[in-house]
Every structure is written in structure tokens, then in C-alpha cells.
Number of protein chains: 2
Amino acid sequence: MKIGELGQIAQCTVETVRYYEKEGLLPQPERTAGNFRSYGPQHLERLRFIRNCRALDMTHGEIRTLLEVMDAPAAGCGRVNALLDEHIGHVDARIAELMQLKQQLGELRHQCQAEQPVAACGILQGLVSMESEARQERHTHLG
Amino acid sequence: MKIGELGQIAQCTVETVRYYEKEGLLPQPERTAGNFRSYGPQHLERLRFIRNCRALDMTHGEIRTLLEVMDAPAAGCGRVNALLDEHIGHVDARIAELMQLKQQLGELRHQCQAEQPVAACGILQGLVSMESEARQERHTHLG
DNA sequence: CTCACACCCTGAAGCTACTATAGAGTCAAG
DNA sequence: CTTGACTCTATAGTAGCTTCAGGGTGTGAG
């Protein structure tokens, strides 16, 4: 099948497919006489795997590791389990950060209930005077 | 004061300060005879404002909007309130996404309890066969 | 046979919010 | 007069794509 069909089945754009190939996540397919990429079912399976990992917000680095493990039939899957645990840790950390953020934003929001001149707006005042504690280093790759 | 001092007080690097200036978030300061940037208290206040907004994960676009409102003394703060509400919406949306993600990851993690040959690993099998529902468009800029 | 049109190709630039590097200049203290 | 901390500009890199420019391929209609 050609790249458009592959992308449609795997729910991503052709540009994304080509990008994964350039990144080495997806192997280079055969080409037709007219230089079009020609994919088989094994490419589709691999692309699905990648998209599923991305849907779980894994990085390309994490995905690359998983693919390497899969490509080594003799290997055990301990590394996979560890990677997943770590990734769950990232998600937990980010959730905690966002909950705290939400609380701060809620407090700020309460400081202005109605439209007023900007000089009187409690939100803007809060944003000027807030003391943001030194932002800690990130424990997650999630934005 | 010079850029190093400004950065130290506002808890950011000098590169970040120069970047904000290039982005137009921070006005260009005067220069000394030796071409060093020379800041006053109004710059510090503005930089603090920006850093506080960033600590709340606002984008430069959102911050730019807030700064424009502040620079228009005649304006009302309705836009500010709306922007904050929207931003709180972003945070809520991202938290919901991550909670769902966490659940999916937890389920996946249960499918392999101990190290085994990769062919038998339930996690890898799950990642191959998962049907990721077409990822909905993002309602948030938060990663 | 020729045309239109959908699809495909490559390579480069753009996005966000910075961070890092190179190579040069400034300034105060010893 | 030299050392060392600081500053300057300009450029490239990060992640994971998306968009664009400028072309080539393939198929159905007239």
C-alpha cells in the first residue's frame, strides 16, 4: 500500500509517517518504479505500535527502546516493565504539578469577580505581586 | 541594574531575559556607554509579571494579551478574566487527559508482572494491539 | 492524446520557549 | 597591565511534528 493509505489506517498524516522514517522509528520501505513508498502489513503493525505509544505520551526515545527490545527475540522484557513504570511516574508527577497549578489559578481567579478598570483588577495585581517559588526541576518530559 | 542582577532577582537566566526582549515581552532597556543593558524597577516588575505567568504555564501569547491590557489604562479587565477562565480550562482538560492516560498505562502495566521473553510480554502485546481511539484535538497547550 | 486532478516526492523552514555555544568586547580589582 | 567576571551578538539545537515550495506520478474523462 502507498503512504496515504497507511497513514489513513494508522490515523496519522503522511508527513508524520515520513518523519518517523527519517527518525529511524519506521524502516525504509521498498519503492515502486515511480519512487513511491510501498508498505506491507509489518510496516502497518509497527506504525500502529508507534502511534499507540505516542497516544500514551511516550517520547521517541522511549519508543525506540521498546522497538529495540522487540527486535531482539532473545531479550527479556524487564527493560519494558521498568520503562513503563518510569513513564507512569512521569504522568503522576505531571498530574500533581497541574493540580497545584489549578489551585493557584483558582485562588487568583477569585480576586476579580467582575469587569473593572485594569488598575483595580485583583488578577493583574496578583500576577504582579505573586512570589513564584523557584521552579523545581522537571521530573517529567510531559509539558 | 545590569542583566545579570535582574535575572538573579527574577529567578531566570540572562539568556531568558534577552529572549523575552527579542520576543517583545520585555521593552528594550537603555544601554550604558559600553553597550550593556541597563534596567530600572519597572523592568523588574514586568519581568516578575512574566515569570509569574510562566510559572502558571501561560503561553507567551496569553502573556502578551495580559500585558497589552495592562498597557491600556482605559481598558477594562474583562479580557483578563476570560483569559484566566480559558487557561483554567486548559489545565482542567490536561488533567483529565492525563488521568485517563494513567488508567490506560496502569491496565497495560498489569499485563506483565515479571521478566519474560519478549514474545510473551503482555505489555508489548498490548501496545501492538491497542486500538487508540482517534486522538481528539487538543484543547490545551499544556504538554 | 491531452488535460485535470489527486496523490506522491524532497528539502527546508516554522512552531514553542528556551538553552547552549562561539567569538568578541567591557570593566573593576590587584 | 593583566586577570576574571561579566556582557554583547548571532547562530544552532531541543521535541515532534506541520507547512511550504517546487516539482514528479498515475488515472480517468473528453
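Sequence lines set the chain letters: A, B, ... in the order given, protein chains first and strands last, and positions in each chain run from 1.
In terms of position along DNA chain D, the nucleotide closest to B/Val14 lies nearer the 5' end than the nucleotide closest to the other residue of the pair A/Thr13 and B/Val14. Mapping A/Lys22 and B/Tyr20 onto DNA chain C via the closest heavy atom, the residue that lands nearer the 5' end is A/Lys22.
The nearest whole Å value for the distance from the CZ atom in A/Arg31 to the C1' atom in D/dT25 is 13 Å. One interatomic measurement links the two molecules: CG of A/Leu25 to P of D/dA15, which rounds to 12 Å at whole-angstrom precision. A straight line from CD of A/Glu21 to P of D/dG16 spans 18 Å, rounded to a whole angstrom. Rounded to a whole Å, the CG atom of B/Asp57 is 11 Å from the C1' atom of C/dA17. Atom pair B/His141:NE2 and C/dA17:P shows a separation of 8 Å (rounding to whole Å applied). Protein atom OH of B/Tyr19 is 17 Å distant from nucleotide atom P of D/dT9, rounded to whole Å. Atom pair A/Leu6:CG and C/dC7:C1' shows a separation of 15 Å (rounding to whole Å applied). Rounded to a whole Å, the CE atom of B/Met58 is 17 Å from the C1' atom of C/dT16.
Nearest to the side-chain atoms of A/Arg54 among the listed nucleotides D/dT18, D/dG16, D/dC8 stands D/dG16.
Between A/Arg37 and C/dC9 there is a side-chain N or O to OP1 or OP2 distance below 4.0 Å. A close approach under 4.0 Å does occur between a side-chain nitrogen or oxygen of B/His60 and OP1 or OP2 of C/dC18. Within the 4.0 Å cut-off from OP1 or OP2 of D/dT18, at least one side-chain nitrogen or oxygen of A/Thr16 is found.
Distance alone, capped at 3.5 Å, is enough to place a donor-acceptor pair between the B/Arg109 side chain and the B/Cys112 backbone. Without hydrogens or angle criteria, A/Arg18 side chain to A/Ile3 main chain gives no donor-acceptor distance under 3.5 Å. B/His87 places a side-chain N or O within 3.5 Å of a backbone atom of B/Leu56 that can act as its donor or acceptor partner. In this structure, A/Gln125 contributes its side chain and A/Ala119 its backbone to a donor-acceptor pair below 3.5 Å.
Taking five base pairs at each end of the helix from C/dC1-D/dG30 to C/dG30-D/dC1 and finding the rotation axis that steps the C1' atoms of four pairs onto the next four gives two axes whose angle is 30°, to the nearest 10°.
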TODO: Spell out protein contact along nucleotides 21-30 of chain C as letters: B when the base is contacted, S when just the sugar-phosphate is, - when no protein heavy atom is under 4.0 Å; keep the 5' to 3' order.
DONE: ----BSS---
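When each of B/His110, B/Gln103, B/Gln104 is tested with B/Glu107 by the rule side-chain hydrogen bond (donor to acceptor under 3.5 Å, both in side chains), just one qualifies, namely B/Gln103. Residue A/Arg37 forms a side-chain hydrogen bond (donor to acceptor under 3.5 Å, both in side chains) with just one option from A/His43, A/Glu21, A/Glu30, and that option is A/Glu21.
Between A/His60 and A/Tyr20, the ring planes are perpendicular. Angles over 60° get that label, and only those under 30° would be called parallel.
For B/Gln28, the CD atom counts as loosely surrounded, since its 6.0 Å shell holds 12 or fewer non-hydrogen atoms of other residues, nucleotides or ligands.
The salt bridge (charged side-chain N to carboxylate O under 4.0 Å, His left out) search around B/Lys2 returns none, not counting sequence neighbours.
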